[in-house]
Amino acid sequence: THNLPPGLEYLTQLDQIIIHQQVELLEAILGTETSSRYEIKNHLGERVYFAVEENGCFDRRLCAPVRSCTVRIADAAGREVIRVLRPLRCNSCCFPCFLQQLEVQSPPGTIAGYVVQNWDPFLPKFTIQNQSKEDVLKIIGPCATCGCFEDVDFEVKALDEMTTIGKISKYWSGFVNNVFTNTANFGIQVPVDLDVRIKAVMIGACFLIDLMFFENSLDGL
């Protein structure tokens, strides 16, 4: 474990990670988009990390699901252990040359890996890459991601896209949360022996999936 990025030692024990988005009072009352805050927990519900999205009001209101942002993830001591960087890019299958990408750093300043959106006319598809931009895993989502009254699963697969080794699930949070706020609860299931750097990249992939498919702003209502 002495070769692990500082702060990621705990991830070596986990095969399930829960990400809980905190309800922002202003967003719940007025439907105004606010910066997202998350608790990252183990399967027992114990908080492991805390995450905060950083961006400007202009990005949140005008760029919405494709906005650029930085997500800073800190441990219980307040030490930043993971940094997720998302540039402003396209979110349309009509522009396959400029699809979504995400860079995950751990520790901040050192690349742990990337999440790259793959073009597909029907399904959400992503590739998980290591720090050398070598493909490691695939993520394939369902054709419909609305998830009314049920969970939505994005399967984590081997590179051949045949073997499923885990999943990222968006849990149904109830009518009030889904209609009046953008809060979301996600679960990540991966093999316990997966490289902790790739586990950190999977956390970044979960944030990207949330922003792309489940960030339904109420500003226009």
- Message: I'd like to know if Arg37 pairs up with Glu53 as an ion pair, taking the criterion as any Lys NZ or Arg NE/NH1/NH2 lying under 4.0 Å from an Asp or Glu carboxylate oxygen.
- Response: no

- Message: Let's go through Glu54 and Arg72 carefully: what are the C-alpha distance in whole Å and the side-chain angles of both, what is the deciding distance for side chain to side chain contact (heavy atoms under 4.5 Å, CB included) to 0.1 Å, and is it a yes or a no?
- Response: CA-CA 8 Å; Glu54 294 182 352; Arg72 300 183 186 274; 2.9 Å; yes

- Taking the side chain as C-beta and beyond, is there a heavy-atom pair between Ile203 and Ile19 under 4.5 Å? yes

- Note on the structure: CD1 (Ile188) and CD1 (Ile18) are apart, to the nearest 0.5 Å, by 8.5 Å

- Tell me, do Ile168 and Asp153 make a side-chain contact under 4.5 Å, heavy atoms counted? no

- Glu134: partners by side chain to side chain contact (heavy atoms under 4.5 Å, CB included), with sequence neighbours left out: Asn130, Ser132

- Consider only side-chain N and O atoms of Gln101 and Glu103, and report whether a donor and an acceptor are under 3.5 Å apart. no

- Task: Measure centre to centre between the rings of Tyr49 and Tyr10, then say whether the value is under 6.0 Å.
- Result: no

- Item | Identified side-chain contact (heavy atoms from CB on, under 4.5 Å) counterpart of Phe154 within the set Leu123, Ile140, Ile209 | Ile209

- Query: Between the main-chain N or O of Leu14 and the side-chain N or O of Lys199, is there a donor-acceptor pair closer than 3.5 Å?
  - Reply: yes

- Run the side chain to side chain contact (heavy atoms under 4.5 Å, CB included) check on Val152 and Phe214 step by step: do they pass? CA-CA 10 Å; Val152 180; Phe214 304 106; 4.1 Å; yes

- Item | Between CG on residue Asn118 and OG1 on residue Thr127, distance to nearest 0.5 Å | 3.5 Å

- Message: So that I can tick it off, tell me whether Arg47 and Glu39 are bridged by a salt bridge, with the cut-off set at under 4.0 angstrom between side-chain N and carboxylate O.
- Response: yes

- Item | Leu11 vs Ile17 side-chain heavy atoms within contact, under 4.5 Å | yes

- Query: Which atom pair, heavy atoms only, marks the closest approach of Gln129 to Ile198?
  - Reply: O-CD1, 4.3 Å

- Message: Do Ile111 and Val104 sit in one hydrophobic cluster, given that two such residues count as connected whenever their side-chain heavy atoms are within less than 4.5 Å of each other, even indirectly?
- Response: no

- Query: Between Val196 and Pro5, which heavy-atom pair has the shortest distance, and what is it?
  - Reply: CG2-CD, 4.5 Å

- Task: Report yes if the side chains of Ile73 and Glu80 come closer than 4.5 Å at any heavy-atom pair, otherwise no.
- Result: no

- Item | Side chains of Asp151 and Ser169, donor plus acceptor under 3.5 Å | no

- Interatomic distance, CG@Asn185 vs CD@Gln21, rounded to 0.5 Å, equals 8.5 Å

- Task: Measure the shortest side-chain to side-chain distance between Arg86 and Leu208 over non-hydrogen atoms and say whether it is less than 4.5 angstrom.
- Result: yes

- Query: Closest heavy-atom contact between Leu102 and Ala205?
  - Reply: CD2-N, 4.1 Å

- After noting the C-alpha distance and the side-chain angles of Met212 and Phe126, does the key distance pass the side chain to side chain contact (heavy atoms under 4.5 Å, CB included) rule? CA-CA 12 Å; Met212 289 181 63; Phe126 303 88; 3.8 Å; yes

- Message: Please check this pair: side chain of Ser106 against backbone of Val81, looking for a donor-acceptor N/O pair closer than 3.5 Å.
- Response: yes

- Check: Asp193 and Asp15 side chains under 4.5 Å, non-hydrogen atoms: no

- Following the transitive rule for hydrophobic clusters with a side-chain heavy-atom cut-off under 4.5 Å over Ile, Leu, Val, Met, Phe, Trp and Tyr, establish whether Val201 and Ile165 coincide in one cluster. yes

- Item | pair Thr70-Val84: side-chain heavy atoms closer than 4.5 Å | no

- Any chance you could measure Ile40, atom CD1, to Phe186, atom CZ, to the nearest 0.5 Å? 12.5 Å

- Atom CE of Met202 and atom CD1 of Ile128: how far apart are they, to the nearest 0.5 Å? 5.5 Å

- Task: Give the C-alpha distance, both sets of side-chain angles, the deciding distance and a yes or no for side chain to side chain contact (heavy atoms under 4.5 Å, CB included) between Lys125 and Ile139.
- Result: CA-CA 6 Å; Lys125 288 189 175 183; Ile139 298 176; over 6 Å; no

- Query: Would you call Lys133 and Tyr114 a side-chain contact if the rule is heavy atoms closer than 4.5 Å?
  - Reply: yes

- CD1 on Ile82 to CG on Asp75, rounded to 0.5 Å: 10.0 Å

- Task: Only counting residues at least two apart or in another chain, list the ones meeting salt bridge (charged side-chain N to carboxylate O under 4.0 Å, His left out) with Lys138.
- Result: none

- Query: Would you call Lys167 and Glu155 a salt bridge, taking side-chain N to carboxylate O under 4.0 Å as the test?
  - Reply: no

- Note on the structure: Closest non-hydrogen atoms of Pro124 and Pro142, given as atom of the first, atom of the second and distance, are CD-O, 3.0 Å

